[in-house]
Protein chains: 2
Amino acid sequence: MDAHIPFSERLRMMQGDQNPNNCPVRQVMQGIFGKWSTLLLLALAERPYRFGELRRLVPDISQRMLTQSLRDLERDGYIYRKVYPTKPPSVEYGLNDLGKSMLVPLHDLVIWASDNFAAVDSSRKIYDAQAAD
Amino acid sequence: MDAHIPFSERLRMMQGDQNPNNCPVRQVMQGIFGKWSTLLLLALAERPYRFGELRRLVPDISQRMLTQSLRDLERDGYIYRKVYPTKPPSVEYGLNDLGKSMLVPLHDLVIWASDNFAAVDSSRKIYDAQAAD
DNA sequence: CAGCATCCTAACAGATACTG
DNA sequence: CAGTATCTGTTAGGATGCTG
């Protein structure tokens with residue numbers, strides 16, 4: 001809750017104790033930063049969706065990756081999975097409280113990205129042009 | 001600047017126009033979410049560091065990945081690279097204004113992660129235990 | 001000191017076909 | 001409808017040796 005821990009302290013926390021790979025903060029960040037995770041969380045922020053609806057919302061995701069990404073998000077506790085035993089079956093995905101709370105800072109980062117992508121893009125172009133010399 | 005664009009609108013912005021892979025917001029997010037990027041940005045948030053210092057700060061990064069990650073962050077405009085023509089040479093890395101501004105929302109997300117990793121970890125354990133049935 | 005080049009492995013991710 | 005299974009290609013990442 002204390003936002004005023006200095007960066008160096010946060011960094012030390014991210015190193016883990018003995019094995020840095022065991023650092024829990026890094027592991028959480030990895031889960032959020034997957035290729036599709038952010039996109040799916042944003043979609044579910046609006047309302048729960050069914051599997052097929054999510055496929056249509058994110059047309060360039062493969063069925064395999066959609067299943068796997070949803071499983072991972074469910075495993076981390078960000079979303080729930082609710083099966084309706086109809087025929088044919090329908091499955092609904094939606095945000096848990098943990099997911100809703102995480103989405104607050106994540107959304108701020110997305111806002112930053114959409115406000116600043118032009119600066120990043122122009123920086124890349126300049127860098128690449130100089131590298132071509 | 002407007003933080004009140006609905007999620008669905010943000011989502012549509014993240015789809016890109018024709019080719020979703022070209023979506024600039026996604027590309028910015030990918031750059032921030034690399035395995036080492038966040039760690040390095042947090043380190044540089046405190047003060048500029050030299051190459052060897054960064055290696056010691058993040059002991060589990062390989063030389064190859066440190067070089068590559070720093071290049072990527074430089075290319076995106078988050079950090080600068082300043083070479084001092086001494087013998088032997090020394091190279092200093094530090095945050096640009098763009099990096100400093102990006103670090104504000106990124107830091108909030110790191111704070112969330114360090115406040116909530118216990119909940120994520122316990123969710124994973126429960127999920128894995130049920131999957132073992 | 002701060003790297004680059006090379007080789008190699010493992011994780012990530014797409015395409016396709018099939019199922020309760 | 002909502003998946004699973006399998007195969008394959010691509011990229012991320014580590015280990016090692018060498019250099020201005």
Side-chain angles (χ1 to χ4, degrees), chain A residues 19-23 26-27 29-40 43-44 48-76 79-94 127 130-131 133, chain B residues 16 19-23 26-27 29-40 43-44 48-76 79-94 127 131 133:
Chain A
N19 180 358
N21 285 328
N22 288 339
C23 170
R26 283 199 210 182
Q27 287 181 11
M29 298 292 280
Q30 296 293 332
I32 302 169
F33 285 4
K35 183 172 182 182
W36 304 108
S37 321
T38 304
L39 217 46
L40 293 173
L44 296 176
Y49 281 104
R50 285 170 43 200
F51 188 87
E53 292 178 312
L54 286 171
R55 270 196 91 176
R56 284 185 288 278
L57 268 170
V58 188
D60 59 333
I61 195 173
S62 67
Q63 201 175 39
R64 187 188 184 285
M65 280 300 106
L66 180 55
T67 302
Q68 197 178 103
S69 304
L70 289 170
R71 288 285 183 282
D72 290 343
L73 292 173
E74 185 195 1
R75 190 173 98 101
D76 284 5
I79 67 174
Y80 66 84
R81 176 175 183 272
K82 190 170 181 180
V83 181
Y84 294 95
T86 54
K87 263 193 171 206
S90 87
V91 180
E92 178 189 285
Y93 295 91
Y127 185 94
Q130 286 174 340
D133 297 342
Chain B
N19 180 0
N21 285 328
N22 289 338
C23 169
R26 283 199 209 183
Q27 288 181 10
M29 298 293 280
Q30 295 293 331
I32 302 170
F33 284 4
K35 183 173 180 183
W36 304 108
S37 320
T38 304
L39 217 47
L40 293 174
L44 296 177
Y49 280 105
R50 285 170 43 200
F51 189 86
E53 291 178 313
L54 286 171
R55 271 196 90 175
R56 285 185 288 278
L57 269 170
V58 188
D60 59 333
I61 194 174
S62 67
Q63 199 175 43
R64 187 188 184 284
M65 280 300 108
L66 180 54
T67 302
Q68 197 178 103
S69 304
L70 288 170
R71 287 286 183 281
D72 290 344
L73 293 172
E74 186 194 359
R75 190 174 98 103
D76 285 5
I79 67 175
Y80 65 83
R81 176 176 182 272
K82 190 170 181 183
V83 181
Y84 294 94
T86 54
K87 266 196 168 197
S90 88
V91 181
E92 178 189 285
Y93 295 91
Y127 185 95
D133 298 342

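A quick note: this is a predicted structure, and the numbers were derived from the prediction, not measured. Labels below follow one simple rule: chain letters A, B, ... track the order of the sequence lines, proteins then strands, and each chain is numbered from 1.
Taking the nucleotide of DNA chain C with the nearest heavy atom to each of A/Pro89 and B/Arg50, the more 5' of the two is matched to B/Arg50. If you find the closest nucleotide of DNA chain C to A/Pro88 and to A/Arg64, the one lying nearer the 5' end belongs to A/Arg64.
A salt bridge links A/Asp60 with B/Arg26: the closest approach of a Lys/Arg side-chain nitrogen to an acidic carboxylate oxygen falls below 4.0 angstrom.
The phosphate of C/dA2 has neither OP1 nor OP2 within less than 4.0 Å of any side-chain N or O from B/Tyr49.
Of all heavy-atom pairs between A/Arg81 and A/Arg71, the closest is NE-NH1, 3.4 Å.
Here C/dC4 is the nucleotide among D/dT4, D/dG13, C/dC4 with the atom lying nearest to any side-chain atom of B/Arg71. The side chain of B/Lys35 has D/dG13 as its nearest neighbour among D/dA2, D/dT4, D/dG13. When distances run from any side-chain atom of A/Met65 to the nucleotides C/dG3, D/dA2, C/dA13, the shortest one goes to C/dA13.
Atom P of nucleotide C/dT19 and atom NZ of A/Lys87 are separated by 17 Å, given to the nearest angstrom. Atom pair B/Leu40:CG and D/dG13:P shows a separation of 12 Å (rounding to whole Å applied). Rounded to a whole Å, the CH2 atom of A/Trp36 is 5 Å from the P atom of C/dG14. Between A/Lys82 atom NZ and D/dA2 atom C1' the separation is 17 Å, expressed in whole Å. Between B/Phe33 atom CZ and D/dG13 atom P the separation is 14 Å, expressed in whole Å. Between B/Asp60 atom CG and D/dA15 atom P the separation is 10 Å, expressed in whole Å. In this structure, the CD atom of B/Gln63 is 15 Å from the P atom of D/dT19, given to the nearest Å. The distance from atom CG of A/Leu66 to atom P of D/dT4 is 11 Å, rounded to the nearest whole Å.
The backbone N or O of B/Met65 lies less than 3.5 Å from a partner atom in the side chain of B/Ser69, making a donor-acceptor pair. Put simply, the side chain of A/Gln130 never gets that close to the backbone of A/Tyr127: no donor and acceptor are under 3.5 Å apart. With hydrogens and angles disregarded, no donor-acceptor distance shorter than 3.5 Å links the side chain of B/Ser37 to the backbone of B/Phe33.
Within 4.0 Å of B/Tyr84, counting heavy atoms only, lies no atom of the nucleic acid at all. As judged by a 4.0 angstrom heavy-atom cut-off over every strand, B/Gln68 is placed among residues making no nucleic acid contact.
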